[in-house]
Amino acid sequence: MAEPKQTYDPATIEPKWQRFWAEREVFRAKNPGEPGFDPKQPKFYALDMFPYPSAAGLHVGHPEGYTATDIVSRWKRAKGCNVLHPMGWDAFGLPAEQYAIQTNTHPATTTAANVATFKRQLQRLGFSYDWSREISTADPKYFKWTQWIWKQLHARGLAYESNAPVWWCEALGTVLANDEVINGKSERGDHPCERRPLRQWVLKITDYAERLIADLDGLDWSESLKTMQREWIGKSEGAEIDFDVHGHAGTKIRVFTTRPDTLFGASFMVLSPEHPLVAKITTEAQRAAVEAYQRNAAAKSELERTDLAKDKSGVWTGAHAHNPLFAADDPKGRIPVWIADYVIVTYGTGAIMAVPAGDERDFAFAQKFHLPIPGIFAPATGDAQRDARVAAGEECCSDDVPFAAHNTNGALSIAGLGMAAAKRKVIDWLVAQGRGQAKVTYKLRDWLFSRQRYWGEPFPVLHTQDGVELVPDAQLPVTLPHMDDFKPGGVPESPLIRARDWVATKDQKGRPAQREINTMPGAAGSSWYFLRFCDPRNEREFCAKAASDYWLPVDLYVGGTEHAVGHLLYSRFWTKVLHDQGLVREKEPFRKLYNQGMIQAFAYEDARGAIVAMKDVKEQGDDVVHAATGEKLKQIVTKMSKRYGNVVNPDDVVVEYGADTLRLYEMYMGPLADSKPWNPKDVPGVFRFLQRSWRLAVPEFHEHGAIHAWLANDRPDDPALEKALHRTIHKVDGDIERLAFNTAIAAMIVFVNDATKAVDKLSRSQLLRFAQLLQPFAPHLAEELWERLGGQGLLTHAPWPAVDAALLVDDEVEIAVQVLGKVRGRAMVPNKCANDVAIAAARSAVASHLEGKTVVKEIVVPGKLVNFVVK
RNA sequence: GCCGGAGUGGCGGAAUCGGCAGACGCACAGGUUUCAAAAACCUGCGCCCUCACGGGCGUGCGGGUUCAAGUCCCGCCUCCGGCACCA
């Protein structure tokens, strides 16, 4: 006859508390001015990178970052902060539309279904989101303001139309931004892309390049992430210099160079094959060869171009240009003009002066085509052989070395100068001659801001006979027409072109006009969602300034590195524009940013290095073998993939162990920033910890009560356990602060193990405080324990337990005693004792090791060790 | 090629400021309990020598600084991420 047991049962307590929290809106954040808002509380804004609700549902990777911010949010609440911790949906985008094409289901329908799934899955994990602030970028109430913000950019001259070549992806039927194309293939789906001219909306992010670099300095982001952004923006300081073309009076080739100081060494020029002057200056004799090269370059995909990176190719145009350092009739200034695909039309001016003595690429090109390599340096590095080769132009040198005596044209000399001084002098001379000026160039290009797709924000734009007309604010949002067919019709235009009744409209004067049929890219809605969370239901403004003044900047933003240059750069840009409009006080949206690592999985590969799907893998003793062949397999770590059959579904983990175990396991796996493999065998370990925590309070059988008898009333705290508890509180507190959740959990495990051994000595007060510690990590179990123990009010509202610093120090400490740096014994000494007391104790602890030796030095690290240096 | 980050037991990891390497968990082994098993609890668990006491070795590799190095310096190797002819 089975007796009624009270085992730890997450399936009962988790839904109970989730319902309770939701019904009472326990995690509702209050804005200034709202009833109950306490201006004395500091604010804390903890934000997750909101998900794109895919049809696949939540992945175990999602809750990793979400749990981290949730722990910090719950901890900050306990520390008396007013915490904003919202969640929403990045709901526009390609996959919903691709899916719609395949299944004939409207993207709005699938998106709504996916959002419902994601929300249900997230709510099962007990995150302390303020769901009253939930937003979706595809909601007209939201994208009304995305359109409005776009109008602000337009008003500041930051949005323009362009026909410049853009990345076109045939398979996806859309154009892509630079960061969505990797080595000539689409980031999403890995489809080949090519460059095509197409009318596009573009945002002038380059106007903000300098500020986007400068303001990185004040941010609490990882150096590697800042470096990625700096390199993406790619600032180069140098000069623009004009070269005349022989036989083409009035035609100048303008180059950009970071080394104007090496102008004396320019021995040829290179234009990119697409440079507009190529056709004009090419001689008849060279025309056929030049045009063939241009056709060839155009046909090459970017991938082929980069693959063949090191092998230089090019053709002479037949033309000569003239180095501005020398008079027009001085033959020293006459240099040939080539075209080559190592010069990129979109960077700088699309043309370079080639200085083979100082630039590796120019050097390689000159060698291949037997062009002159005039030496310009007089190095004295001590390596005489190398110095001689550099001076003779036999070896390239891009270091800062002095210039040789012959770097002069009579009027200007840089002989003996180093790089910086020579740069200044050459630029000054060029400016005086009207032949050039200092110039800063960026790799960053303007943000291609339109897509030829249905499922995105429509632009608030009409094309009228007078040109572009913006839809008045009062008529926003411009919503999407209902359509049943989203297939790109083989033309680059968006499927919206087929919504004839929607496209054909009237302008302000009542004349016929056409709606813009491009839609905004996925990154539009996500570039300002952190602002909308501050004031999500405002119907008059995108976000009241008072609300963003209060909540911004985001104090902790957690997400994956994949958004290092895209989303994070765009969000910073929009924030700065809105700041310049006087609409947002902050210049930077995200004060502290933290990238979580990836959750990977184990997989098994055979001798050939091929991964064997999990269904074909079986354990045999200590080995893992191929089920069919019996071949021994090697365990490797890789990403989760349907193909390998190693994907872990968070729902399954919740069903088997509960949400608290899932949360705890993901935090216990290792440091948040590291990528680490999911190991199913480790999950029961944290589950056991929660069971042990439960048993500290709850007896096995009902008839013994809801809690152990000795916990029913207050009593004096056991001093040993009290000490252990204070140390645990202190450790957990510091570890949450530095986002080291794995070691915080380890500390709690240690406490529970200690407490288990002395379970009947534990007091109610101690267990209540332990529940408070556990709450950010395993909130359901903690809240249940709190309730059973009769804690006051809701645990979620309880203040963080205090630490008595006096309990963190021991009266006596054990120190290590070393002889010549090796531990040879231990000694107990009074805490903070004088050095000679410690030395005396140490000497007797290692007496046998000191016998017959002379101690020449005694090193004391108080409270830690004594080291004897002997002879 | 350039710029980041990492490499510690059978596995995941800890060591926060140069001070006892291996916390904590997993796996494994032994034990208590049980008719039995599971669960739970207790003990052990880097490698080598030793019955033991004890000793030697040990944080990717090779050097160095220091009383003391996983941690600092120099030179390599491997893996992961980013950039990649950007003038």
Side-chain angles (χ1 to χ4, degrees), chain A residues 7 182-183 222-228 230-232 234-236 238 255-259 262 270 305-306 308-312 340-344 346-355 358-362 364-365 441-444 561-562 564-565 595 597-598 600 602 622 635 637 665 668-671 673-686 688-689 691-692 695 700 731 734-735 737-738 740 742-750 753 756-757 814-826 856-870:
Chain A
T7 46
I182 296 158
N183 281 338
S222 70
E223 270 316 306
S224 71
L225 192 64
K226 289 190 195 179
T227 303
M228 268 193 238
R230 276 191 206 102
E231 288 180 355
W232 187 259
K235 180 179 180 176
S236 293
V255 303
F256 172 72
T257 177
T258 55
R259 292 295 303 274
T262 62
V270 185
R305 274 208 198 188
T306 48
L308 303 170
K310 299 301 158 205
D311 196 19
K312 296 276 181 298
D341 64 6
Y342 84 89
V343 176
I344 296 164
T346 48
Y347 183 76
T349 61
I352 62 158
M353 64 175 203
V355 184
D359 184 285
E360 294 288 351
R361 296 152 300 182
D362 298 343
F365 193 85
T441 299
Y442 301 91
K443 272 194 267 185
L444 181 72
T561 346
E562 64 271 21
V565 288
N595 288 126
M598 267 209 308
Q600 301 163 304
F602 290 128
D622 289 344
Q635 188 184 69
V637 171
Y665 174 63
Y668 191 57
M669 290 171 77
D674 289 4
S675 290
K676 55 245 162 198
W678 181 279
N679 186 353
K681 289 189 170 165
D682 285 338
V683 179
V686 290
R688 279 199 280 268
F689 159 64
Q691 283 179 310
R692 286 156 78 89
R695 286 198 298 260
E700 194 177 359
K731 174 75 178 155
D735 282 353
E737 179 77 53
R738 64 187 182 106
N742 53 335
T743 50
I745 294 165
M748 289 190 284
I749 294 174
V750 170
N753 290 347
T756 298
K757 284 172 193 164
E814 190 185 56
I815 60 168
V817 183
Q818 299 182 332
V819 178
L820 286 172
K822 289 192 196 283
V823 180
R824 297 296 183 190
R826 331 197 131 262
V856 292
K857 201 170 176 189
E858 294 152 333
I859 290 132
V860 181
V861 183
K864 293 232 166 107
L865 61 78
V866 172
N867 186 12
F868 295 108
V869 184
V870 297

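Keep in mind that this is a model prediction, so the values were computed, not measured.
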| message | So if I take every side-chain heavy atom of D359(A) and compare against C85(B), A87(B), G25(B), which nucleotide ends up nearest? | response | A87(B)

| In whole Å, what separates the C1' atom of U71(B) from that of A14(B)? | 14 Å

| Rounded distance in Å between the C1' positions of G9(B) and U16(B) | 23 Å

| request: Could I get the full list of salt bridge (charged side-chain N to carboxylate O under 4.0 Å, His left out) partners for E231(A), not counting sequence neighbours? | output: none

| Contact class for K226(A) vs. all strands (heavy atom < 4.0 Å): base, sugar-phosphate, or nothing? | nothing

| request: Take the protein atom CG of N595(A) and the nucleotide atom C1' of G81(B), then report the distance between them rounded to whole Å. | output: 11 Å

| said: Say we look at A36(B) and G22(B): how far apart would their C1' atoms be, to the nearest angstrom? | reply: 38 Å

| field | Interatomic distance at P, G70(B) relative to G62(B), whole Å | value | 14 Å

| If we take the P atom in both G56(B) and A6(B), what is their distance in whole Å? | 33 Å

| note | Between CE of M228(A) and P of A84(B) the distance, given in whole Å, is 12 Å

| Has S236(A) got a side-chain N or O lying under 4.0 Å from the OP1 or OP2 atom of A87(B)? | yes

| message | Using whole Å, what does the distance between atom P of nucleotide U16(B) and atom NZ of K731(A) come to? | response | 9 Å

| field | Phosphate-side-chain proximity, R695(A) and C41(B), N/O vs OP1/OP2 below 4.0 Å | value | yes

| task | Sort out the partner of C76(B) for me: Watson-Crick or G-U wobble, both distances under 3.5 Å, none otherwise. | result | G60(B)

| Among U16(B), C83(B), C57(B), which is the nearest nucleotide to the side chain of K822(A)? | C57(B)

| request: Output all residues satisfying side-chain contact (heavy atoms from CB on, under 4.5 Å) with T743(A), sequence neighbours left out; order by chain, then residue number. | output: K731(A), D735(A), R738(A), A740(A)

| field | Nucleotide G81(B), atom C1' - distance to CE of M598(A) in whole Å | value | 9 Å

| said: For the P atoms, the ones on C11(B) and on A27(B), what distance do you get once it is rounded to whole angstrom? | reply: 15 Å

| task | Round to the nearest Å and state the distance from R688(A) atom CZ to A39(B) atom C1'. | result | 10 Å

| task | Scan nucleotides 3-13 of chain B nucleotide by nucleotide, 5' to 3', and note B when protein non-hydrogen atoms come under 4.0 Å of the base, S if they reach only the sugar-phosphate, - if neither. | result | SS-------BS

| query | Rounded to whole angstroms, how far apart are CE on M748(A) and P on A23(B)? | reply | 19 Å

| said: For D362(A), give me all partners under salt bridge (charged side-chain N to carboxylate O under 4.0 Å, His left out), at least two apart in sequence or on another chain. | reply: none

| field | Phosphate contact (G25(B) OP1 or OP2) by N753(A) side-chain N/O below 4.0 Å | value | yes

| request: Let me know the distance between CZ of R230(A) and P of G82(B), rounded to the nearest Å. | output: 19 Å

Name the pairs: protein N/O against N/O of nucleotides 69-73 of chain B, kept only if under 3.5 Å.
none

| request: Compare the minimum distances between each of A87(B), G56(B), A40(B) and the side chain of Q691(A), then state the nucleotide with the smallest one. | output: A40(B)

| query | Rounding to the closest angstrom, what is the interatomic distance between G64(B) and U78(B) at atom C1'? | reply | 23 Å

| query | Is the shortest heavy-atom distance from the side chain of Y342(A) to the side chain of I352(A) under 4.5 Å? | reply | yes

| task | Using a heavy-atom cut-off of under 4.0 Å over every strand shown, decide if K443(A) touches base, sugar-phosphate, or nothing. | result | base

| message | Between P on A39(B) and CZ on F689(A), what's the gap in Å once rounded to a whole number? | response | 20 Å

Give every pair of a protein N or O atom and an N or O atom of nucleotides 17-21 of chain B that lie under 3.5 Å apart, one pair per line with the distance.
{"from": "C20(B)", "atom 1": "O2", "to": "R826(A)", "atom 2": "NH1", "distance (Å)": "2.9"}
{"from": "C20(B)", "atom 1": "O2", "to": "R826(A)", "atom 2": "NH2", "distance (Å)": "2.2"}
{"from": "C20(B)", "atom 1": "N3", "to": "R826(A)", "atom 2": "NH1", "distance (Å)": "3.1"}

| task | May I ask which nucleotide in the shown strands pairs with C2(B), Watson-Crick or G-U wobble, both distances under 3.5 Å? | result | G82(B)

| message | Ring-plane angle category for Y347(A) and F256(A), please: parallel below 30°, perpendicular beyond 60°, tilted otherwise. | response | perpendicular

| task | Tell me whether the OP1 or OP2 atom of C41(B) has a side-chain N or O from R692(A) closer than 4.0 Å. | result | yes

